[in-house]
Amino acid sequence: MKAEVVSMTADNLDMEAIRRGGDILKQGGLVAFPTETVYGLGGDALNPQASMKIYAAKGRPSDNPLIVHIAEFDKLAPIVAEVPEKAKILAEKYWPGPLTMILPKSDLVPQETTGGLDSVAVRFPSDRIAQELIKAAGGYVAAPSANTSGRPSPTTAQHVEEDLGEAIEMIIDGGQVGIGLESTIVDFTEDVPVVLRPGYISLEMLQETLGDVRMDKGLIAADSKVRPKAPGMKYRHYAPKADLAIVEGPEEAVVKKINELAAEAKAHGEQVGIIATDETKDRYPEGLVVSIGSRKEEETIAHHLYEVLRDFDQSAVRSIYSEAFYTPRMGQAIMNRLLKAAGHKIIQVV
Ligand code: AMP
Ligand code: MG
């Protein structure tokens with residue numbers, strides 16, 4: 001099977017194609033579509049066979065639950081057992097948007113969709129193409145990121161085609177996504193809300209709205225024995241084909257260290273990849289240098305991260321060294337993904 005690719009924009013929706021996409025989903029097929037975070041691989045969330053197809057297409061372990069996407073507020077109640085007051089407040093503030101909430105599930109949601117858990121992850125995306133497709137599919141679309149499991153998440157329809165072009169029926173090309181990192185996941189199944197995955201909406205923003213919010217212990221100490229509560233966060237993820245390591249420390253020391261590593265590799269006849277910023281990119285004479293953006297624009301850094309990692313897959317480099325990006329608001333989310341991509345390989349310099 002080769003996926004049909006249809007192009008449209010949020011301002012110029014192709015409603016006929018969306019209706020066809022909706023029909024494919026209703027019949028248990030798979031359609032990839034843009035959201036404001038990354039591209040999603042959609043299947044009917046209430047159809048266990050569709051969820052199984054999603055796991056198979058991505059090569060994703062089936063104990064790693066899927067996020068159910070809705071496009072109307074009143075679609076939430078039927079799929080959950082209850083909505084705690086704090087979840088209502090957050091939904092009002094951040095939906096539609098890059099926020100996923102974990103809530104106790106109702107019987108309507110099959111175990112296949114939730115990886116056997118009694119809770120369900122729900123998100124109401126703001127992307128208009130996504131919203132129309134979800135409505136056309138009957139209201140509930142399970143959609144993980146539309147990449148092969150383990151690879152960087154897709155931020156363009158071309159990325160989706162690379163990974164899944166042969167495995168699904170349709171890809172809706174809505175151009176580059178806006179944010180470029182997956183949604184913030186907040187778990188409401190315990191007394192205090194817990195962030196299971198950082199994203200565009202930061203811990204501080206959540207605390208401002210809700211008061212007490214915690215970070216999952218398994219996220220804070222990556223090398224500890226504590227398992228992350230979101231099953232998906234325990235897997236190596238977002239990884240380019242080359243070996244990636246992060247060089248951390250004061251800027252001068254980082255540039256010096258990466259240059260030493262690049263010179264060493266050159267002596268062995270190899271070139272390394274370097275993930276730099278606009279501020280440092282001209283200071284690495286030996287490597288294959290890519291600027292991820294300016295340190296002053298953290299949204300650009302977030303937006304480019306997966307694309308940069310994927311682009312190195314087209315090159316011959318076997319090692320990549322990246323600067324660290326602890327930016328003020330999205331730094332937590334950016335570094336969470338970068339550290340996972342690097343399998344937590346960090347070179348500390350002083
Ligand atoms: P993706 O589908 O690629 O955006 O990843 C979804 C993430 O949400 C994975 O890390 C899942 O493990 C996590 N997730 C989905 N549903 C649940 C749930 N019910 N409880 C905890 N984590 C969940
Ligand atoms: Mg994913």
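None of the values given here were measured: they were computed from a predicted structure. Just follow the structure's listing: the first ligand is 1, and inside any ligand the first atom is 1.
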Open item on the list: I need the protein N, O or S atoms closer than 2.8 Å to the Mg ion (ligand 2), given as residue plus atom name.
Closed with: Ser145 OG
Part of [X] with heavy atoms under 4.0 Å of ligand 1, whether side chain, backbone, both or neither:
X	answer
Ile185	side chain
Arg60	side chain
Thr114	neither
Asp187	neither

Only heavy atoms of [X], strictly under 4.0 Å: list the atoms of ligand 1 that pass.
X	result
Asn64	9 (C), 11 (C), 12 (O)
Ser119	18 (C), 19 (N), 20 (N)
Arg197	1 (P), 4 (O), 5 (O), 6 (C), 7 (C)

Open item on the list: Taking only non-hydrogen atoms of Leu117, do any sit less than 4.0 angstrom from ligand 1?
Closed with: yes
Task: Lys105 near ligand 1 by a heavy-atom separation under 4.0 Å - done: no
Open item on the list: Quick check for you: to the nearest 0.5 Å, what is the distance between Ser315 atom OG and Gln271 atom CD?
Closed with: 8.0 Å
Task: Nearest-0.5 Å distance that lies between atom NZ in Lys266 and atom CG in Asn259 - done: 11.0 Å
- [ ] Using the side chain to side chain contact (heavy atoms under 4.5 Å, CB included) rule, take Asp173 and Val160 through it: C-alpha gap first, then chi angles, then the decisive distance, then the call.
- [x] CA-CA 9 Å; Asp173 183 350; Val160 180; over 6 Å; no
- [ ] May I have all residue pairs that pass salt bridge (Lys or Arg N to Asp or Glu O under 4.0 Å) and include part of residues 184-206, sequence neighbours excluded?
- [x] Asp187-Lys229, Glu190-Lys229
Open item on the list: Return the closest protein heavy atom for atom 14 (N) of ligand 1 as residue, atom name and distance.
Closed with: Pro65 CG, 3.7 Å
TODO: Test side chain to side chain contact (heavy atoms under 4.5 Å, CB included) on Glu161 and Ile171 and set out the steps.
DONE: CA-CA 8 Å; Glu161 239 185 312; Ile171 298 172; 3.7 Å; yes
Open item on the list: Under a 3.5 Å threshold, yes or no: a donor from one side chain and an acceptor from the other, between Thr35 and Asp127?
Closed with: no
Task: Distance-only polar pair, side chains of Ser119 and Thr189, donor-acceptor under 3.5 Å - done: no
TODO: Among Lys58, Arg310, Arg60, find the one that has a salt bridge (Lys or Arg N to Asp or Glu O under 4.0 Å) with Asp163.
DONE: Arg310
- [ ] Flag Ile102 as yes when one of its N or O atoms lies below 3.5 Å from any N or O atom of ligand 1, and as no otherwise.
- [x] no
Open item on the list: What I want to know is whether Glu182 and ligand 1 share at least one N or O pair that is separated by under 3.5 angstrom.
Closed with: no
Open item on the list: Show, in sequence, the C-alpha distance, side-chain angles and deciding distance for Lys93 and Leu210, and conclude whether the side chain to side chain contact (heavy atoms under 4.5 Å, CB included) test is met.
Closed with: CA-CA 11 Å; Lys93 182 153 174 106; Leu210 297 182; over 6 Å; no
TODO: Please say which of Glu298, Glu248, Gln332, Arg295 ends up in a side chain to side chain donor-acceptor pair (under 3.5 Å) with Tyr326.
DONE: Glu248
TODO: Scan for ring pair (Phe, Tyr, Trp, His ring centres under 6.0 Å) pairs involving residues 59-91, sequence neighbours excluded, and state none if there are none.
DONE: Phe73-Phe124
- [ ] May I have all residue pairs that pass ring pair (Phe, Tyr, Trp, His ring centres under 6.0 Å) and include part of residues 182-208, sequence neighbours excluded?
- [x] none
Task: Ala146, Gly232, Ala230: member with heavy atom nearest to atom 22 (N) of ligand 1 - done: Ala230
